[in-house]
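Working notes, beginning with the structure itself.
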There are 2 protein chains.
Amino acid sequence: MNRTELCPRFEQAVSLLSRRWNALIIYSLLDGPSRFCEVTETIGISNRLLSERLKELETDGIVSRTVSGDSPVRIQYSLTEKGMALLPVLQELESWATKWVDPAPEPAE
Amino acid sequence: MNRTELCPRFEQAVSLLSRRWNALIIYSLLDGPSRFCEVTETIGISNRLLSERLKELETDGIVSRTVSGDSPVRIQYSLTEKGMALLPVLQELESWATKWVDPAPEPAE
DNA sequence: ATTTAATAGTTACGTTTAGTAACCACTTTA
DNA sequence: TAAAGTGGTTACTAAACGTAACTATTAAAT
């Protein structure tokens, strides 16, 4: 009847990566800091959701937002140490994908 | 304007694990085959969603459904080789969680 | 013999979340 | 001065999720 198993930390980690776009956002930031529009272009997320996700990831301590330059005001998003530490997870997922996912991109209706 | 980056296989893998419950379902099946109600009890998913997810995971070739026994008809869900291969991904996530997620379970309203 | 419980789901419905599109303020470039 | 880029927000629609109730089958309990 009631759930007894599962580590709550693991569950939290799963819910983080299960939130749509989070894995791709983190993945794209693993290459180094990016600007808002760079992320939208590389992963294809909308402004609305990226804005939302980045705020959430900031409060989770995974992404940090920095403002640089005075006149054109450049805003950069980068991974914290905690965020960087997700690298091996995404690397394993990447190697799983190359081994097991065939590249057929939805059979074309 | 248009997206040029990102491996489509990786994107598919991400969308698989980003689908809510999928990671936990796979995680619970890594311990060995389970029955329908065992999964609902260990991870806390509803019947409706588990049924839906299991069908999807079956068509993705990650889970296999087997019927055993004649009179009480036991239905078992287990991971395929492709599903098993996700073990290192979840292991890395688990070790990330133990290192970086603090066990505060939502500050209690 | 009939009720109760367990298994493996399905159906209906309401709420949340995600996606699309338009817009805004500011700055720079043409 | 108009157009384009950046970093978003607002409003609206569509899809996903959660809850609860229900079904069919079998088995155990009363």
Side-chain angles (χ1 to χ4, degrees), chain A residues 1-4 6 11-12 14-29 32-60 63-78 106 109, chain B residues 1-4 6 11-12 14-26 28-29 32-60 63-79 106 109:
Chain A
M1 286 308 174
N2 54 342
R3 305 175 45 222
T4 31
L6 286 180
E11 277 193 88
Q12 250 191 268
V14 164
S15 81
L16 184 97
L17 282 196
S18 287
R19 194 142 228 171
R20 211 163 289 179
W21 298 109
N22 276 357
L24 288 183
I25 291 168
I26 292 163
Y27 181 78
S28 80
L29 292 180
S34 282
R35 308 179 64 173
F36 190 91
C37 64
E38 287 171 343
V39 179
T40 63
E41 278 156 34
T42 44
I43 72 176
I45 189 181
S46 71
N47 295 350
R48 194 180 85 60
L49 283 185
L50 181 58
S51 171
E52 203 173 289
R53 285 300 104 90
L54 284 172
K55 278 179 203 155
E56 292 164 5
L57 289 171
E58 225 190 318
T59 57
D60 287 340
V63 161
S64 72
R65 186 189 126 118
T66 51
V67 183
S68 70
D70 341 79
S71 37
V73 189
R74 251 174 164 267
I75 290 155
Q76 288 214 123
Y77 292 94
S78 50
E106 304 285 313
E109 330 166 15
Chain B
M1 282 313 176
N2 54 341
R3 304 172 46 218
T4 32
L6 285 181
E11 277 190 88
Q12 251 190 267
V14 164
S15 81
L16 183 98
L17 283 195
S18 287
R19 196 142 224 172
R20 209 165 291 177
W21 297 110
N22 276 356
L24 288 182
I25 291 169
I26 292 163
S28 80
L29 292 179
S34 281
R35 307 180 65 174
F36 190 91
C37 65
E38 286 171 344
V39 179
T40 62
E41 278 157 34
T42 44
I43 73 177
I45 189 180
S46 72
N47 296 351
R48 192 179 89 57
L49 282 185
L50 182 58
S51 170
E52 202 174 290
R53 284 300 104 89
L54 285 172
K55 279 180 202 155
E56 292 164 2
L57 289 171
E58 223 189 320
T59 59
D60 286 341
V63 161
S64 73
R65 187 190 124 116
T66 52
V67 183
S68 70
D70 339 81
S71 39
V73 189
R74 252 176 163 267
I75 290 157
Q76 287 214 126
Y77 293 94
S78 51
L79 291 179
E106 305 285 313
E109 337 171 3

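This is a predicted model, so every value here is computed, not measured.
- One atom, CG of B:L50, and another, C1' of D:dA16, lie 16 Å apart when rounded to the nearest Å.
- The backbone N or O of B:C37 sits less than 3.5 Å from a side-chain atom of B:T40, completing a donor-acceptor pair.
- Contacts of B:S51 classified as side chain to side chain donor-acceptor pair (under 3.5 Å), with partners at least two apart in sequence or in another chain: none.
- A:R53 contributes a side-chain N or O that, together with a main-chain N or O of A:R20, makes up a donor-acceptor pair within less than 3.5 Å.
- Closest approach of B:L17 to A:S18, counting heavy atoms only: O-OG, 3.4 Å.
- When rounded to the nearest whole Å, the span between CD of B:E38 and C1' of C:dA6 equals 12 Å.
- With rounding to whole Å, B:R20 atom CZ is found 10 Å from D:dG18 atom C1'.
- Atom CD of B:E58 and atom P of C:dA8 are 14 Å apart (whole Å).
- Residue B:R65 has its side chain nearest to C:dA8 when only C:dA18, C:dA8, D:dA20 are considered.
- In this structure, the CG atom of B:L54 is 11 Å from the C1' atom of C:dA8, given to the nearest Å.
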Using atom names, set out every protein N or O paired with an N or O of nucleotides 22-27 of chain C below 3.5 Å, distance rounded to 0.1 Å.
none

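- Residue side chain B:R48 reaches the base of D:dG18 through a donor-acceptor N/O pair under 3.5 Å, judged by distance alone.
- Side-chain proximity of B:E41 to C:dT7, C:dG19, D:dG7: nearest is C:dT7.
- In plain terms, the two heavy atoms of B:E38 and B:S34 that are nearest each other are OE1-CA, 3.2 Å.
- When each of C:dG9, D:dT19, D:dG7 is scored by its nearest atom to the side-chain atoms of B:Y77, the top-ranked nucleotide is C:dG9.
- B:R19 comes within 4.0 angstrom of sugar-phosphate atoms only, judged by non-hydrogen atoms across all strands, and of no base.
- Remark: P of C:dA18 and CD1 of A:I43 are 13 Å apart, rounded to the nearest angstrom.
- Remark: B:L57 CG to B:W21 CH2 distance equals 13.5 Å, nearest 0.5 Å.
- Between B:F36 and B:L50, the closest side-chain pair of non-hydrogen atoms falls below 4.5 Å.
- Residue side chain A:R74 does not reach the base of D:dT6 through any donor-acceptor N/O pair under 3.5 Å, judged by distance alone.
- Rounded to whole angstrom, the span from the CZ atom of A:R53 across to the C1' atom of C:dT16 amounts to 12 Å.
- Following rounding to the nearest Å, B:I75 (CD1) and C:dT7 (C1') show an atom-to-atom distance of 8 Å.
- An OP1 or OP2 oxygen of C:dT10 is reached within less than 4.0 angstrom by a side-chain nitrogen or oxygen of B:K55.
- In this structure, A:S46 does not reach the C:dA18 phosphate: none of its side-chain N or O atoms is under 4.0 Å from OP1 or OP2.
- Set against C:dT10, C:dA8, C:dA21, the side chain of B:C37 has C:dA8 as its closest nucleotide.
- When the side-chain nitrogen and oxygen atoms of A:W21 are compared with OP1 and OP2 of C:dG19, one or more of them lie within a distance under 4.0 Å.
- Between C:dA8 and B:R35, a contact under 4.0 Å exists linking OP1 or OP2 to a side-chain N or O.
- Judged as a side chain to side chain donor-acceptor pair (under 3.5 Å), and not counting sequence neighbours, A:E58 has no contacts.
- Contact annotation: B:S51 side-chain N/O to C:dT10 OP1/OP2 distance is under 4.0 Å.
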